[in-house]
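Take a look at the structure set out below.
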Amino acid sequence: MRIAVCVKQVPASSNVKVDEVTGVLIRSSSDTKMNPYDLYGIETALQLKEKVPNTEVIALSMGPLSAEATLYEALWMGCDEAYLLSDRKFAGADVLATARALSQALRVIGDLDLIICGKQTTDGDTAQVGPEISEFLGYPLAPYVDAIIEVKEQSMVVRSNYESYYDIVEIDFPFVMTVEKDIFTPRLPSYKRKKALGQKKIHVLTLNDLPERDESLYGLSGSPTQVERIYSPEKKTQRDVIMGPVEDVTDQLLTVLLNRKFIKGDYHVENKS
């Protein structure tokens with residue numbers, strides 16, 4: 001089995017600057033980490049590798065050359081190979097342009113049985129890239145997977161968690177799967193494996209390496225979603241202090257919670273004045 005796991009380098013802090021002209025996040029390579037949901041994707045692939053003989057796990061990311069740090073982390077966790085899709089022409093991509101570029105890179109890698117994505121990223125939170133990759137490749141999609149029930153020779157039985165209900169399906173290879181957090185507990189990168197791999201080569205792909213090389217399909221020009229304005233929320237430290245006898249404090253607190261719609265219900269607050 002050959003498995004590709006899509007991973008992304010995301011800001012490690014909520015204090016992220018934004019380009020006011022383009023609406024694109026200004027990413028600093030010194031303050032980044034692997035997208036947490038992608039750790040679950042990697043662990044899922046490695047769990048399958050341990051159960052299915054002759055399984056190869058390939059990590060794929062799109063971003064600047066600094067994203068190699070994320071791919072090295074994937075290698076130290078246990079991935080066999082790593083590919084970085086990096087080209088200035090991909091900059092500013094929305095979810096559609098990102099999914100298109102990644103699907104093209106997956107075609108270059110080729111001969112894949114399973115493609116795994118984390119459910120979403122912590123910087124975008126759209127949860128759309130995985131499903132759009134499945135559309136571009138023409139592969140079936142198993143979303144929100146929180147359990148792998150059985151692995152067969154030509155298919156896999158998985159459970160999807162749709163919050164209000166579960167759906168258990170058997171799906172033929174090849175297909176795309178997005179995984180929920182806690183499907184497995186991600187392992188830590190291995191220092192021993194890091195020393196053994198050394199500076200293992202990461203395969204870098206550019207636009208010229210893709211089957212579809214039309215520049216207008218990628219980056220900002222290939223992104224139909226245009227951000228009109230993006231900004232950091234104002235941070236406030238204002239607080240209200242309620243003091244007095246326990247009965248009065250309880251009634252005042254209940255009134256505040258009701259007025260701000262933190263709670264709902266037919267509560268009666270007695271007016272003691």
- Message: Set out, in order, the CA-CA distance, both residues' side-chain angles and the distance that settles side-chain contact (heavy atoms from CB on, under 4.5 Å) for I58 and I3, then state yes or no.
- Response: CA-CA 6 Å; I58 302 160; I3 304 173; over 6 Å; no
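- In the hydrophobic cluster analysis, where Ile, Leu, Val, Met, Phe, Trp and Tyr join through side-chain heavy atoms closer than 4.5 angstrom, I171 is grouped together with M177.
- Checking side-chain atoms of N35 against main-chain N and O of V10 turns up no donor-acceptor pair under 3.5 Å.
- In terms of heavy-atom proximity, L85 sits nearest to A101 at CD2-O, 3.3 Å.
- Applying the 6.0 Å contact sphere to NZ of K194 captures no more than 12 heavy atoms from other residues, nucleotides or ligands.
- The backbone N or O of G63 lies less than 3.5 Å from a partner atom in the side chain of S86, making a donor-acceptor pair.
- Residue Y144 qualifies as open at atom OH: its count of foreign heavy atoms under 6.0 Å is 12 or below.
- I133 is not connected to Y37 by any chain of hydrophobic side-chain contacts under 4.5 Å among Ile, Leu, Val, Met, Phe, Trp and Tyr, and they are in different clusters.
- Taking hydrophobic clusters as Ile, Leu, Val, Met, Phe, Trp and Tyr residues chained together by side-chain heavy-atom distances below 4.5 Å, V176 does not share a cluster with I148.
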- Message: Run the side-chain contact (heavy atoms from CB on, under 4.5 Å) test on L46 and M77 for me, step by step, so that the C-alpha distance in whole Å, both residues' side-chain angles and the decisive distance to 0.1 Å come before the verdict.
- Response: CA-CA 9 Å; L46 297 179; M77 288 178 68; 4.3 Å; yes
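- Between the side chain of D209 and the main chain of T206, a donor-acceptor pair closer than 3.5 Å is present.
- Considering all non-hydrogen atoms of both residues, S61 and Q9 come closest at OG-N, 4.5 Å.
- Electrostatic pairing of K119 and D182 does not count as a salt bridge here, judged by no charged N lying under 4.0 Å from a carboxylate O.
- For Q47 (side chain) and F184 (main-chain N/O), no donor-acceptor pair under 3.5 Å exists by modelled atom type.
- Nearest heavy-atom pair, M243 versus V249, reported as atom, atom and distance to 0.1 Å: C-CG2, 3.7 Å.
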- Item | Derivation and outcome, side-chain contact (heavy atoms from CB on, under 4.5 Å), residues I149 and V158 | CA-CA 5 Å; I149 298 173; V158 300; over 6 Å; no
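- By the neighbour-count criterion of 12 heavy atoms within 6.0 Å, atom OH of Y191 is sparsely surrounded, having that number or fewer from other residues, nucleotides or ligands.
- The minimum heavy-atom distance linking D80 with K200 is given by the pair O-CE, 3.0 Å.
- For the pair D146 and K181, the salt-bridge criterion is not met [side-chain N within less than 4.0 Å of a carboxylate O].
- When every heavy atom of T55 is checked against every heavy atom of L48, the shortest pair comes out as OG1-O, 4.2 Å.
- Although no hydrogens or angles enter the test, the distance criterion places a donor-acceptor pair under 3.5 Å between the side chain of R213 and the main chain of N208.
- For the pair P189 and E73, the tightest heavy-atom approach, listed with the atom from each and the gap, is CG-CG, 3.8 Å.
- The closest donor-acceptor contact from the side chain of D167 to the backbone of S160 lies at 3.5 Å or more, if one exists at all.
- A salt bridge between E132 and R100 is absent, with no side-chain N of the basic residue lying under 4.0 Å from a carboxylate O of the acidic one.
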- Message: Determine whether E43 and T185 satisfy the following criterion, side-chain contact (heavy atoms from CB on, under 4.5 Å), listing intermediate values before the conclusion.
- Response: CA-CA 7 Å; E43 184 60 36; T185 300; over 6 Å; no
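- To the nearest 0.5 Å, atoms CG (L137) and CD (E135) are separated by 10.0 Å.
- In this structure a side-chain-to-backbone donor-acceptor pair under 3.5 Å is present from N259 to T255.
- By the criterion of side-chain heavy atoms lying less than 4.5 angstrom apart, applied directly or through intervening Ile, Leu, Val, Met, Phe, Trp or Tyr residues, L141 is not grouped with L114; the two fall into different hydrophobic clusters.
- Side-chain atoms of D123 and T121 form a donor-acceptor pair, as typed in the model, at a separation below 3.5 Å.
- Expressed to the nearest 0.5 Å, how far OH of Y218 lies from CD of Q104 amounts to 4.0 Å.
- From E170, atom CD reaches atom CD1 of I168 across 12.0 Å, with rounding to the nearest 0.5 Å.
- Here K89 contributes atom NZ and S221 contributes atom OG; the two are 10.5 Å apart, rounded to the nearest 0.5 Å.
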- Message: Pair K152, D113 - check salt bridge (Lys or Arg N to Asp or Glu O under 4.0 Å), show working.
- Response: CA-CA 12 Å; K152 301 181 180 181; D113 300 292; over 6 Å; no
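- Other residues, nucleotides and ligands contribute only 12 or fewer heavy atoms inside 6.0 Å of the CG atom of N54.
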- Query: Would Y139 and F175 count as a ring-ring contact (aromatic ring centres under 6.0 Å, His included) if you check the C-alpha gap in whole Å, the side-chain angles of each, and the deciding distance to 0.1 Å?
  - Reply: CA-CA 5 Å; Y139 290 175; F175 70 94; 9.1 Å; no
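- You'll find the side chain of M156 stays beyond 4.5 Å of the side chain of E150, heavy atoms only.
- Not one N or O on the side chain of D38 forms a donor-acceptor pair closer than 3.5 Å with the backbone of G41.
- Proximity of R2 to I109: side-chain heavy atoms (C-beta onward) are separated by under 4.5 Å at one or more points.
- You'll find the side chain of V145 stays beyond 4.5 Å of the side chain of T44, heavy atoms only.
- V179 is listed as a side-chain neighbour of I116, based on a closest heavy-atom distance under 4.5 Å.
- Contact of the T178 side chain with the Y40 side chain is not registered, since no non-hydrogen atoms from C-beta on lie closer than 4.5 Å.
- Without hydrogens or angle criteria, S223 side chain to D94 main chain gives a donor-acceptor distance under 3.5 Å.
- Looking only at side-chain heavy atoms (C-beta outward), Y166 and Y162 stay at 4.5 Å or farther from each other.
- For the pair L84 and T70, the minimum side-chain heavy-atom distance is 4.5 Å or more.
- Here E50 pairs with R187 in a salt bridge; the nearest charged N to carboxylate O distance falls below 4.0 Å.
- Contact of the D240 side chain with the V256 side chain is not registered, since no non-hydrogen atoms from C-beta on lie closer than 4.5 Å.
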